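See structure below.
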Amino acid sequence: MRLSLVTLLALVSAPTALAGSSCIAFDTAWNLLAFGFNGKDYNAGTSNTWASGSATDITTNGRPPFNGNDVKCYLAEFFNAIYIIGADTSKPADIYIYDAGAKTWSTQSVTAGDFDPTSFQAILDHDTNVFYALSKGNLFSLEMNELKAAKSGSIAWAPQGKAEITTDNYDPVMAVAQNHVFFFGVPGTPAGSTPIFVIHFAFWQAGAQPMGGNFPDSHGQATSIFLDVGVQQEIAFIPDDGSKTYIVNVETNTTQTMSGPATVDAKARYFASPTAIVQLASSGAVSWIPYKAGDNSANSGAKWSAVSNLAAVAPSSGGGSAPSGSAPSQSSKTAGSGGSAAPSGSKTAGGSGPSGSASGAIRHAGWGAGSVLGLVAVAFFLL
Ligand SMILES: *[C@@H]1O[C@H](CO)[C@@H](O)[C@H](O)[C@H]1NC(C)=O
């Protein structure tokens, strides 16, 4: 494919969108919210509206600067509130709260204590609205009470002791379902099994629970599949190799498989409504796969596709000025190969030349000068 100079210039002038400085979450009406997209926040609506048009700009006062590199968003379903951690490097412990009903922001002051807000993974327990976090081998909790706006004074992370799983060289991967925390990729765990922390009784189950599947004991991303009513019962786990999307049901302890995401990206983040699993790639591209609880045959045939109404505003798309087709997509299985100047990596990643290096640059720190020069060189070569 031969790209126009306009397209190439649009790519070259794309801003430095830091991977991980954005996040996605659903509100309780299952509108997909996208935060920190080129300095703005958007409501992409429900999944039936994602295929075309553009998302609604919901940017308003009191939002965080979204300058972190690992922004995490959580839905407090009882309160229709989104809790955001890591979106303001000047206040790493504080939690920004977006009241999705009132469409207002506030900032909750948080005392970190021994908890490291720059190095953790956490879940928000559905029923108690308490965070449980694993940070540097220790478990911590933080009570969010009924907050949909910050209260005066600070709330504090409380230590809950040393994790009773192997945490040496463990980059935590965790999700909540049935008020239990499930840990994926814990070193030395048999494939298809997960160690469990039982929240309401505050204990670590001995050994790992077999989940009736063969998902690898590897790093990946895990996200709970919300339900309209009640506690989550299933978790989507996507290993870093993107080979499959595993759906782990913690009621039956069974696992079904769905297609791996179209964009293989170990730094992607996921969020799931009752009927959609959504990926935010580190390039800023958003895609999704429909999900239907209990319908294994529909799920196994389901395909990933773009959330098109966010494509024009995605973090690396140059403020919506770049043609949507040219937004840097990385590691897309379906991306054009060869002559495409859009930095699409291959499924195996680590390609050479302008495309591979630009993709890597986006993944870690936006557009490096080297890749921009590379693209300019490609532009002149093509012309
Ligand atoms: C599933 O695993 C949980 C956690 O170990 C256990 O409490 C439950 O009894 C298991 N359910 C079935 C149906 O095996």
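Just so you know, ligand 1 is whichever comes first in the structure, and atom 1 is the first atom listed for that ligand. Worth saying up front: this structure is predicted, and the values here are computed from it rather than measured. Along the sequence shown, residues are numbered consecutively beginning with 1. Heavy atoms only: backbone and side chains are in, while hydrogens, waters and symmetry mates are out.
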Quick one, list the residues around ligand 1 where some non-hydrogen atom comes in under 4.0 Å, by chain and residue number. Ile196, Gln205, Gln209, Glu251, Asn253
Compute the ring centroids of Phe115 and Phe120, then answer whether they are less than 6.0 Å apart. yes
Which residues pass the salt bridge (Lys or Arg N to Asp or Glu O under 4.0 Å) test with Lys103, sequence neighbours left out? none
Residues forming a ring-ring contact (aromatic ring centres under 6.0 Å, His included) with Tyr74, sequence neighbours excluded: Phe131
For a quick check under 3.5 Å, do Trp30 and Asp228 share a side-chain donor-acceptor pair by atom type? yes
Suppose we screen for ring-ring contact (aromatic ring centres under 6.0 Å, His included). Which residues come up paired with Phe79, at least two apart in sequence or across chains? none
Could Lys267 and Asp70 be called an ion pair, given the rule that one side-chain N must be under 4.0 Å from one carboxylate O? no
